[in-house]
Amino acid sequence: MRQEWCIGLRLPVQLRANNHLGDHSIKIAKESDFRGMQFNAIVESNKSALHTYKSLVFKEVGMIPQGFRLKDGSYSNMYVVLYFSLL
């Protein structure tokens, strides 16, 4: 079976849906022999998404300063999180 390094998905904002989708994503990734999952572009102001990833044991591995342009034209930091306990 192929062994990829990561799989990425966008999770919806609702916390319960996030946890369900996150758990399902981790299960499918394990069954597919993925070694990790990386999520890019989590905007700093999206506290519910950051909380969800942390509750699913994702680790923050990077931050892009002012990497996301908001609707009002201002910029926000973006985070990259990684789940690497699939093996």
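Ser45 and Ser76 get closest at one heavy-atom pair: N-OG, 4.1 Å. Listed here is the closest heavy atom pair of Val81 and Glu60: CG1-CA, 4.0 Å. Closest non-hydrogen pair, Met78 versus Gly67, comes out as SD-O, 3.4 Å.
Residues Met63 and Tyr53 fall within the same hydrophobic cluster, defined by Ile, Leu, Val, Met, Phe, Trp and Tyr side chains chained together at heavy-atom separations under 4.5 Å.
Evaluated for a side-chain contact (heavy atoms from CB on, under 4.5 Å) with Tyr79, the options Asn46, Leu50, Val61 yield exactly one hit, Leu50.
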Next item on the list: Could you walk me through whether Phe58 and Met37 pass side-chain contact (heavy atoms from CB on, under 4.5 Å), step by step?
Entry: CA-CA 9 Å; Phe58 280 76; Met37 292 183 0; 3.6 Å; yes
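Between Lys47 atom NZ and Thr52 atom OG1 the span is 13.0 Å, to the nearest 0.5 Å. Residue Tyr83 holds its OH atom at 10.0 Å from NZ of Lys59, rounded to the nearest 0.5 Å.
Checked against side chain to side chain contact (heavy atoms under 4.5 Å, CB included), Gln66 has the following partners two or more places apart in sequence or in another chain: Tyr75, Asn77.
Formation of a donor-acceptor pair under 3.5 Å by the Ser74 side chain with backbone atoms of Leu70 is not found in this model.
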